[in-house]
Amino acid sequence: MEEYRFEHPSNVPAGRVVFRVNNTGEVNHRLTLLPLANDVAPIDEQLRDDIPQAVPPLAGVPEIAPGDSGTFAVELEADKRYAIVCFIEDDDGSHALKGESSEFRTSGQT
C-alpha cells in the first residue's frame with residue numbers, strides 16, 4: 001500500500017484468504033474489507049453518492065503507521081464482489097476519495 005492506492009490480484013480465489021497490508025507511504029492508513037451485493041453500485045460510485053447504501057464491514061486492519069504492517073484473514077465466498085477501502089479522513093479529504101478504494105470479484109469454489 002502506498003499513498004492513496006494499493007495493489008491486489010485481480011483474481012482472488014474463494015475460500016480462506018490472508019491479506020497482508022504493508023504501509024509504504026508517509027501517512028497512516030486503515031483498510032476495511034466490505035462485501036458488496038450484486039445490486040450495490042460500484043464502490044467508487046458509493047463513496048461519491050450523497051446517500052450511499054449501508055454495507056457492513058467484513059474485516060480489516062486498524063490504523064497502520066508508515067513502515068508498519070497488519071494482517072487479517074477471512075473466508076471469501078465464490079463469485080462474490082468485495083471492496084477494500086481506506087476510511088481515514090485527513091485535513092485535505094478522504095483517502096477513499098483520493099483513490100484508496102478498489103473492488104475485486106472472487107472466483108472458484110469455497
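Starting from 1, each residue takes its place in the sequence as its number. Just so we're clear, the structure is a prediction, and the values are computed from it rather than from any experiment.
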Quiz prompt | Derivation of the side-chain hydrogen bond (donor to acceptor under 3.5 Å, both in side chains) call for Asp44 and Ser101 | solution = CA-CA 7 Å; Asp44 288 338; Ser101 67; 2.9 Å; yes
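- Surrounding CG of Asp39 are more than 12 heavy atoms belonging to other residues, nucleotides or ligands, all under 6.0 Å away.
- Contact detail for Ala73 and Val18: the closest heavy-atom pair is CB-CG2, 4.0 Å.
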Practice problem: Go through the steps to decide whether Ile88 and Asp90 satisfy the test side chain to side chain contact (heavy atoms under 4.5 Å, CB included), and finish with yes or no. | Solution: CA-CA 7 Å; Ile88 287 187; Asp90 287 335; 3.7 Å; yes
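- Counting non-hydrogen atoms of other residues, nucleotides and ligands closer than 6.0 Å to NZ of Lys98 gives a total above 12.
- Between Phe87 and His95, the ring centre distance reaches or exceeds 6.0 Å.
- Looking only at distances, no side-chain donor or acceptor of Gln46 sits under 3.5 Å from a matching main-chain atom of Val40.
- With respect to His8, the ring-ring contact (aromatic ring centres under 6.0 Å, His included) criterion is satisfied by exactly one of Phe104, Tyr82, Phe19: Phe104.
- A donor-acceptor contact shorter than 3.5 Å is absent between the side chain of Arg81 and the backbone of Pro35.
- Interatomic distance, CG of Leu31 versus CD1 of Ile84, reported as 7.0 Å (0.5 Å rounding).
- In this structure, CG on Asp79 lies 6.0 Å from OG1 on Thr106, to the nearest 0.5 angstrom.
- Separation of atoms CG (Leu47) and CG (Asp49) is listed at 9.5 Å; rounding is to 0.5 Å.
- You'll find the side chain of Glu100 stays beyond 4.5 Å of the side chain of Arg5, heavy atoms only.
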Exercise. May I have the step-by-step check of side chain to side chain contact (heavy atoms under 4.5 Å, CB included) for Val61 and Thr71, ending in yes or no?
Key: CA-CA 7 Å; Val61 292; Thr71 303; 5.9 Å; no
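- Contact of the Arg30 side chain with the Ile64 side chain is not registered, since no non-hydrogen atoms from C-beta on lie closer than 4.5 Å.
- Side-chain atoms of Asn28 and Pro66, non-hydrogen and from C-beta on, do get closer than 4.5 Å to each other.
- Taking all atoms of both residues into account, the shortest heavy-atom contact from Pro13 to Leu76 is O-CD1, 4.3 Å.
- The aromatic rings of Tyr4 and His29 stand perpendicular to each other, their planes meeting at an angle above 60°, with 30° marking the opposite boundary.
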Quiz item: Going through the distances and angles, do Glu103 and Arg105 end up as a salt bridge (charged side-chain N to carboxylate O under 4.0 Å, His left out)?
Solution: CA-CA 7 Å; Glu103 276 191 45; Arg105 185 174 285 277; over 6 Å; no
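- Between the CG atom in Asp92 and the CG atom in Leu97 there is a gap of 11.5 Å [rounded to 0.5 Å].
- You'll find the side chain of Val17 reaches within 4.5 Å of the side chain of Val12, heavy atoms only.
- Residues Val74 and Arg16 fail the side-chain proximity criterion, which asks for heavy atoms closer than 4.5 Å.
- Counted within 6.0 Å of CG on Asp91, heavy atoms from surrounding residues, nucleotides or ligands total 12 or fewer; the atom is thus considered open.
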